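The structure displayed is predicted, hence computed values, not measured ones.
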Amino acid sequence: MLQEAENKLVERLHNEKTQQAAFAELVKEFSEPLYWQIRKIVLSHDDANDVLQNTFIKIWTSIDNFRGDSKLSTWLYRIAINESITFLNKQRSANNVSMDDVDSFLVSKLEGDEYFDGDEAQLKLQKAILTLPEKQRIVFNLKYFDEMKYEEMSEILETSVGALKASYHHAVKKIEEFLSTDN
């Protein structure tokens, strides 16, 4: 969505008379990209749908607080990522999974997902990504799959560009190491 169109949408979201129609437009415009961003974090299709729904509820209840300090899309991604992390933390807690066991917990979710239709190479890449710490995994996904610029990631994740570049570099090295061994 172009910045000018985004600005007009924000104006309509802040106007009581046009808010509902504008929100419907927002949902239509951002459902798919937010779904895929969430899916890369929570892995399961059903979980991604639940988190997406929670994300839109959070957006609806918080829209009046959006001041336009960042782009609307940046704000939406930040909410989606935070909701995804919150969801995973609740699941880990409910299943008594320690942070050290996270990758095996998520790998089992990935392998058991009936909607995952990737080949063996894709599965191995996903397993490699799951060995990364959560923040590195998010940075890697945003850069590698979404081809997002570091400046935009910096706004979404509220982290410096330098730290993001370092995080991505470390993530790539870990993934290369994982893929070069037989797992």
Side-chain angles (χ1 to χ4, degrees), residues 1 5-6 9-10 12-13 19-66 70-99 101-148 152-153 155-158 171:
M1 180 175 262
E6 224 177 75
L9 181 59
V10 170
R12 292 177 38 234
L13 285 165
Q19 191 174 47
Q20 286 187 344
F23 187 74
E25 183 181 326
L26 179 142
V27 170
K28 184 177 183 216
E29 182 74 28
F30 289 99
S31 281
E32 188 172 342
L34 290 177
Y35 166 85
W36 286 110
Q37 185 55 53
I38 292 166
R39 176 83 185 262
K40 287 178 206 144
I41 298 171
V42 303
L43 302 180
S44 155
H45 167 73
D46 292 334
D47 292 345
N49 276 335
D50 291 345
V51 173
L52 181 63
Q53 188 173 20
N54 291 342
T55 298
F56 281 121
I57 290 168
K58 181 84 149 233
I59 292 166
W60 175 255
T61 59
S62 305
I63 198 68
D64 291 335
N65 300 330
F66 178 71
S70 63
K71 289 176 18 184
L72 177 64
S73 56
T74 300
W75 185 68
L76 299 175
Y77 271 90
R78 186 179 306 137
I79 291 171
I81 289 170
N82 289 338
E83 286 295 308
S84 300
I85 292 168
T86 299
F87 175 83
L88 284 180
N89 288 338
K90 284 180 183 173
Q91 269 201 324
R92 289 175 188 137
S93 173
N95 292 311
N96 293 322
V97 176
S98 76
M99 290 303 279
D101 297 332
V102 169
D103 46 81
S104 59
F105 170 69
L106 291 173
V107 166
S108 67
K109 285 183 71 170
L110 175 67
E111 291 174 337
D113 186 352
E114 63 188 86
Y115 295 98
F116 179 77
D117 59 359
D119 58 19
E120 194 62 36
Q122 179 68 17
L123 182 62
K124 191 165 185 178
L125 173 61
Q126 290 301 324
K127 285 181 178 180
I129 293 169
L130 290 175
T131 66
L132 301 172
E134 199 163 77
K135 184 107 176 194
Q136 277 183 8
R137 187 167 64 240
I138 291 168
V139 170
F140 182 82
N141 283 332
L142 288 171
K143 184 72 180 154
Y144 184 81
F145 292 111
D146 297 339
E147 300 175 354
M148 191 176 285
E152 190 172 354
M153 273 194 274
E155 286 185 44
I156 291 170
L157 300 173
E158 298 174 325

Novice: Any side-chain heavy atom of Gln37 sitting closer than 4.5 Å to one from Ser84?
Specialist: no
Novice: Test side-chain contact (heavy atoms from CB on, under 4.5 Å) on Ile41 and Val51 and set out the steps.
Specialist: CA-CA 10 Å; Ile41 298 171; Val51 173; over 6 Å; no
Novice: To the nearest 0.5 angstrom, please state how far the CG atom of Leu76 sits from the CD1 atom of Ile156.
Specialist: 9.5 Å
Novice: Could you list the residues that satisfy salt bridge (Lys or Arg N to Asp or Glu O under 4.0 Å) with Glu158, not counting sequence neighbours?
Specialist: Arg78
Novice: Please list, chain by chain and in numerical order, all residues satisfying side-chain contact (heavy atoms from CB on, under 4.5 Å) with Pro33, sequence neighbours excluded.
Specialist: Tyr77
Novice: Holding to side-chain hydrogen bond (donor to acceptor under 3.5 Å, both in side chains), I want the full list of residues that pass it with Thr74, two or more places apart in sequence or in another chain.
Specialist: none
Novice: Looking only at heavy atoms, what is the nearest atom pair of Glu134 and Leu88, with distance?
Specialist: OE2-CD1, 3.9 Å
Novice: Can you sort out the partners of Ala80 under side-chain contact (heavy atoms from CB on, under 4.5 Å), two or more places apart, ordered by chain and number?
Specialist: Leu34, Ile38, Thr55
Novice: Once you round to the nearest 0.5 Å, how far does CG of Leu157 lie from CE of Met148?
Specialist: 8.5 Å
Novice: Please list, chain by chain and in numerical order, all residues satisfying side-chain hydrogen bond (donor to acceptor under 3.5 Å, both in side chains) with Asn82, sequence neighbours excluded.
Specialist: none
Novice: Would you call Phe66 and Ile59 a side-chain contact if the rule is heavy atoms closer than 4.5 Å?
Specialist: no
Novice: How many angstroms lie between CZ in Phe87 and CG in Asp50, if you round to the nearest 0.5 Å?
Specialist: 6.0 Å
Novice: Name each donor-acceptor pair under 3.5 Å that joins a side chain in residues 140-147 to protein atoms two or more places apart or in another chain, with its distance.
Specialist:
| unit_1 | atom_1 | unit_2 | atom_2 | d |
| --- | --- | --- | --- | --- |
| Asn141 | ND2 | Arg137 | O | 3.3 |
| Asp146 | OD1 | Lys40 | NZ | 2.4 |
| Asp146 | OD2 | Lys40 | NZ | 3.3 |

Novice: Restricting to ring-ring contact (aromatic ring centres under 6.0 Å, His included), what partner residues turn up for Trp60, sequence neighbours left out?
Specialist: Phe23
Novice: Given Tyr35 and Glu32, is the side-chain contact (heavy atoms from CB on, under 4.5 Å) satisfied, shown in steps?
Specialist: CA-CA 5 Å; Tyr35 166 85; Glu32 188 172 342; 5.6 Å; no
Novice: Please step through side-chain contact (heavy atoms from CB on, under 4.5 Å) for the pair Ile138 and Ile85, ending with a clear verdict.
Specialist: CA-CA 10 Å; Ile138 291 168; Ile85 292 168; 3.6 Å; yes
Novice: Once salt bridge (Lys or Arg N to Asp or Glu O under 4.0 Å) is applied, do any residues pair with Lys58, and if so which ones, sequence neighbours excluded?
Specialist: Glu83
Novice: Keeping the roles fixed (side chain from Ser31, backbone from Lys28), state whether a donor-acceptor pair exists under 3.5 Å.
Specialist: no
Novice: Which is it for Glu29 and Leu9 under the side-chain contact (heavy atoms from CB on, under 4.5 Å) test, yes or no, and what are the steps along the way?
Specialist: CA-CA 11 Å; Glu29 182 74 28; Leu9 181 59; 5.7 Å; no
Novice: I'd like to check the side-chain hydrogen bond (donor to acceptor under 3.5 Å, both in side chains) partners of Glu155; sequence neighbours left out, ordered by chain and number.
Specialist: none
Novice: Working to the nearest 0.5 angstrom, can you tell me the gap between Leu125 CG and Ile129 CD1?
Specialist: 4.0 Å
Novice: If I compare all heavy atoms of Glu6 with all of Leu72, which pair ends up nearest, and what's the gap?
Specialist: OE1-N, 2.8 Å
Novice: Measuring from Ile63:CD1 to Trp75:CH2, what's the distance to the nearest 0.5 Å?
Specialist: 4.0 Å
